[in-house]
Amino acid sequence: MGSPATDSLNRLVSRAIVDVFAGCQVRLVEAVVFSILPLPEVDPRTGSPTVGAVIPFSGNDVSGSLFLGSTFDLVGESRPREVARRPLVRSASTDWVIARDWVGELANRILGRVKNRMLEIDFGAGMPSALSGHAITLARPEQPSTRIFTFEANKSPVWAWVNARWSSERLSMAPSGAAVAEGAAVLF
Amino acid sequence: MTKKVMIVDDSSVVRQQVTSVLAEAGFGVVEASDGQEGLERLKSEEIALVLCDINMPRMNGLDMLERASIEHKDVPFLMLTTEGRPALLARAKALGAKGWVVKPFVPDLLVATVRKLTT
């Protein structure tokens, strides 16, 4: 059981992950069957390998990182429909580049949603670093504040963890509507 | 004459998506993967509008906007980003941006906004 601020942040991150994938026509449900660490080793003959991205963030009141990982297949399926007419193929090296590119963008969008709802906390995001492979091992962050989220869609797992340190007394959520909503266009 | 829009974004998938949507609407599209490349393209191409991400390597979108507002002040900028914070919008507006779209964009709305800014 965390503090009210921690609980709010967890709900916010969880919602952001679900909403970002929903925007990509992928409906996530919370999963308890997938363990995040260690990432399961995938049989290259049968299973879909892992693709992931980590984004650091920092500011006066908060710093940490967000990791997002899923399978090559699900990341490929979550691409915008205008570009997803051709499915990604594991044997094509250029398609791995596309998968890493897109999982980085998804992580960026999740962090963007979180930022847009925490207007009183000023922090900036770094560039996503993406990785991919059949047998990825990630070191578990040492901080007890690390929160791990697991979802599934189309029988594929989606893992995310947020490793954040912040001044909890400053953590308050922005009222909805304070930031420009996702999908909206504003002319100056 | 076909109007040319430049999409500046470090994600190749986003560039491809924007290119598909705008090409279908009759626009020519030029791509750049960061602000530095975008500025170079502005020197060599006749661009009717720049659609510009913010968080990019080498040169971010706001730095590109600031540079372009001096060297290419007639080219309108429409920011396309995951960010929706009012302070950031105010900064972009002060630097001369004409509008702001928060990702993920709605294709029809993006086309309508681009049309408005290029007419």
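Residue numbers begin at 1 in each chain, while the letters A, B, ... track the order of the sequences. All figures in this text were calculated on a predicted structure; none of them were measured in a lab.
Both B:Val75 and B:Leu95 belong to a common hydrophobic cluster when Ile, Leu, Val, Met, Phe, Trp and Tyr are linked at side-chain heavy-atom distances under 4.5 angstrom. Hydrophobic cluster membership is shared by A:Phe123 and A:Val13, with clusters built from Ile, Leu, Val, Met, Phe, Trp and Tyr side chains linked at under 4.5 angstrom. Residues A:Met127 and A:Phe67 do not share a hydrophobic cluster, defined by chaining ILVMFWY side chains whose heavy atoms lie under 4.5 Å apart. When hydrophobic clusters are built by joining Ile, Leu, Val, Met, Phe, Trp and Tyr residues whose side-chain heavy atoms come closer than 4.5 Å, directly or via intermediates, B:Val106 is not grouped with B:Ile7.
Against chain B, no residue from residues 15-27 of chain A qualifies, as none has a non-hydrogen atom under 4.5 angstrom away. Inspection of non-hydrogen atoms places B:Asn55, B:Met56, B:Pro57 of residues 38-66 of chain B under 4.5 Å from chain A.
Going from atom NZ of A:Lys115 over to atom CG of B:Leu88 covers 7.0 Å, rounded to the nearest 0.5 Å. Distance CG/B:Asp10 to CG/A:Asn108: 7.5 Å, rounded to 0.5 Å.
The choice from B:Val101, B:Thr19, B:Val14, B:Val13 that makes the most heavy-atom pairs within less than 4.5 Å of chain A is B:Val13. Of the residues considered (B:Glu83, B:Met79, B:Glu24), B:Glu83 shows the highest number of contacts with chain A, using heavy-atom pairs under 4.5 Å. The candidate with the highest count of non-hydrogen atom pairs below 4.5 Å against chain B, out of A:Pro128, A:Ala185, A:Gly112, is A:Ala185.
Listed here is the closest heavy atom pair of A:Ala178 and B:Pro86: O-CG, 3.2 Å. Nearest heavy atom pair, residue A:Val83 against residue B:Gln17, reads CG1-N, 3.5 Å. In plain terms, the two heavy atoms of B:Val102 and A:Ala181 that are nearest each other are CB-O, 3.4 Å. Between A:Asp101 and B:Ser11 the shortest heavy-atom distance is OD1-OG, 2.7 Å.
Side-chain contact between A:Leu187 and B:Lys116 is present, with heavy atoms from C-beta onward closer than 4.5 Å.
Contacts of B:Lys98 with chain A are made by backbone atoms alone, with heavy-atom separations under 4.5 Å and no side-chain atom involved. Only the side chain of B:Ser20 comes within less than 4.5 Å of a heavy atom in chain A; its backbone stays farther off. Interface remark: B:Ala112 contributes no atoms to any contact with chain A (heavy atom separation under 4.5 Å). Interface remark: B:Leu89 contributes backbone and side-chain atoms alike to the contact with chain A (heavy atom separation under 4.5 Å). Contact annotation for A:Ala125: both backbone and side-chain heavy atoms come within less than 4.5 Å of a heavy atom of chain B.
Although no hydrogens or angles enter the test, the distance criterion places a donor-acceptor pair under 3.5 Å between the side chain of B:Arg85 and the main chain of A:Met118. A donor-acceptor pair under 3.5 Å is formed between the side chain of A:Asn116 and the backbone N or O of B:Thr82.
Side-chain heavy-atom separations under 4.5 angstrom define the hydrophobic clusters, and B:Ile70 shares its cluster with no other residue.
Ionic pairing of B:Lys103 and A:Glu182 is not present here: no N-O contact between side-chain nitrogen and carboxylate oxygen is shorter than 4.0 angstrom.
Screening residues 83-115 of chain A for ring pair (Phe, Tyr, Trp, His ring centres under 6.0 Å), with sequence neighbours left out, gives A:Phe72-A:Trp96.
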